[in-house]
Amino acid sequence: MDLSQLKDFTQTCLNFETSVPTCSLSEECCVGIDEAGRGPVLGPMVYGISYCPISKIPDVEALGAADSKQLKEEDRNDILERIHGNSDYIGYCVRVLSPNYLSTSMLGRQNYNLNAISHDTAISLLSRIIEMGVKVKDVYVDTVGPADKYQAKLSALFPDLNITVASKADDKYPICGAASICAKVCRDRCMSEWEFPETGFDISDSGSGYPSDPTTKRWLQANVDKVFGFPQFVRFSWSTAEVIMHKNCVRVSWDDGDEDEENTPKINAFFKKVKPRAEIPRHRFYHEQGLTSLTEI
């Protein structure tokens, strides 16, 4: 998994994908979708999708694919290496959503919450592998929000697929566990290899990144600028970050409603009124020849 693009990654999203195994182009495949880093206040959220022929499900299970949260870091790395070593039948794609992208999306004019972002990312990944030619039949998704509503939404968009949305799908379906591992290893590497576009920051003492972690809270308090707030490594829309900014940063007041509206000139007052032009009479030639303007063809 080449993460060299992270050097220029701060604002948007990045995709990393493997080549599609030849057998996945001809055999009916099962697909798993899961994420890593949904809750932390630090770092990106990563979505993963993995796929293989349905006949290869026992082989995926033999790789040790399971819920990444139940595995040690070294075990996750080993399983990802096994996935790479069996690229003749299993492939995957991950999408990295930057902290800045998450926060600016959630604080935009239109309500675009984390659930909607998660759903759209899963949909785009599924669309991507279908576009790549993968012969998708069965899809297993770890739920975000109510499973029945999420499943109905996906089934309406992909009516020809058998879609199952379930809680802890990464623990129930090996192909979903493989997606969980791909996403988690990618996020861990993003965290360890993160290059700050700002200067003077170090993530070595940032803790787990979760809002409830005291070490993470101390890191946030120590790395907030009174004017510019947090570096782009922080999801500034999270309530933990907002509270720290309100307590430590300079407040800004916008003067926009103090002026008496009755004495404020309207915008059209700045434009000169123009009298309508008198109609110019047509030349007598047109009248003599009985010519009129064409209004319909």
Side-chain angles (χ1 to χ4, degrees), residues 15-18 24 27-40 44-73 75-77 79-80 82-83 86 89-97 113-130 134-188 210:
N15 275 14
F16 302 94
E17 55 192 39
T18 61
S24 296
E27 296 185 44
E28 292 185 333
C29 294
C30 61
V31 173
I33 302 175
D34 197 13
E35 52 77 26
R38 176 179 164 82
M45 179 172 72
V46 180
Y47 251 83
I49 185 169
S50 59
Y51 54 91
C52 73
I54 296 174
S55 61
K56 291 292 185 179
I57 292 178
D59 297 318
V60 174
E61 191 170 7
L63 295 176
D67 181 1
S68 63
K69 294 183 288 293
Q70 298 180 10
L71 300 170
K72 296 180 180 179
E73 182 178 357
D75 294 332
R76 292 194 295 265
N77 291 334
I79 294 171
L80 183 61
R82 289 178 218 157
I83 291 174
N86 289 273
Y89 70 82
I90 185 171
Y92 70 86
C93 177
V94 293
R95 174 163 293 182
V96 185
L97 292 84
N113 60 36
L114 195 59
N115 280 9
I117 294 172
S118 300
H119 290 181
D120 289 347
T121 304
I123 291 166
S124 66
L125 285 173
L126 183 54
S127 299
R128 172 59 183 159
I129 66 167
I130 292 173
V134 178
K135 194 173 181 180
V136 179
K137 180 176 177 60
D138 299 331
V139 181
Y140 303 96
V141 186
D142 193 44
T143 192
V144 173
D148 54 345
K149 292 182 179 179
Y150 191 10
Q151 182 168 314
K153 179 179 181 178
L154 292 175
S155 297
L157 292 171
F158 303 97
D160 297 329
L161 306 182
N162 300 322
I163 297 177
T164 301
V165 178
S167 176
K168 300 196 179 295
D170 49 355
D171 197 32
K172 298 174 182 177
Y173 308 103
I175 195 65
C176 203
S180 174
I181 288 169
C182 293
K184 178 60 175 170
V185 172
C186 182
R187 172 174 156 82
D188 287 346
Y210 281 87

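Just so you know, these numbers come straight off a predicted model, no measurement behind them.
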On a heavy-atom basis, which atom in [X] and which in [Y] lie closest, and how many Å separate them?
X: A65; Y: G177; value: CB-C, 4.1 Å
X: P44; Y: V96; value: CB-CG1, 3.6 Å
X: V31; Y: I33; value: CG1-CG1, 4.2 Å
X: G64; Y: I181; value: O-CD1, 4.4 Å
X: Y89; Y: S24; value: O-OG, 4.0 Å
X: G91; Y: T18; value: CA-OG1, 3.4 Å

Atom pair [atom1] ([X]) and [atom2] ([Y]), whose distance is rounded to the nearest 0.5 Å:
X: C182; Y: Y92; atom1: SG; atom2: OH; answer: 5.5 Å
X: E35; Y: S118; atom1: CD; atom2: OG; answer: 6.5 Å
X: I57; Y: Y173; atom1: CD1; atom2: OH; answer: 10.5 Å
X: S180; Y: R76; atom1: OG; atom2: CZ; answer: 8.5 Å
X: L125; Y: C93; atom1: CG; atom2: SG; answer: 5.0 Å
X: L97; Y: L114; atom1: CG; atom2: CG; answer: 9.0 Å

(request) Would you check if F158 and I123 make a side-chain contact, meaning some heavy-atom pair closer than 4.5 Å? (result)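 A side-chain contact exists here, since the closest heavy-atom pair is under 4.5 Å.
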Main chain of [Y], side chain of [X]: is a donor-acceptor contact present, judged purely on distance under 3.5 Å?
X: Q151; Y: V165; answer: yes
X: S50; Y: I175; answer: yes
X: H119; Y: V144; answer: yes
X: R38; Y: M45; answer: no
X: R187; Y: V46; answer: no
X: K172; Y: S167; answer: yes
X: D142; Y: A169; answer: yes

(message) I'd like to know whether N77 forms a side-chain contact (heavy atoms from CB on, under 4.5 Å) with V185, so could you lay out the CA-CA distance, the side-chain angles of the two residues, the decisive distance to 0.1 Å, and finally the verdict.
(response) CA-CA 7 Å; N77 291 334; V185 172; 3.5 Å; yes
(request) Quick one: do L154 and V139 satisfy side-chain contact (heavy atoms from CB on, under 4.5 Å)? Show the steps, please. (result) CA-CA 10 Å; L154 292 175; V139 181; 5.9 Å; no
(request) Using only heavy-atom distances, determine whether the side chains of E27 and S55 contain a donor-acceptor pair under 3.5 Å. (result) yes
(message) Under 4.0 Å between a side-chain nitrogen and a carboxylate oxygen: does that hold for K56 and D59?
(response) yes
(request) Could you tell me whether E17 and R128 have a side-chain N and a carboxylate O separated by less than 4.0 Å? (result)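 A salt bridge links E17 with R128.
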(request) Among L126, I49, I129, find the one that has a side-chain contact (heavy atoms from CB on, under 4.5 Å) with V134. (result)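 By the side-chain contact (heavy atoms from CB on, under 4.5 Å) criterion, V134 pairs with just one of L126, I49, I129: I129.
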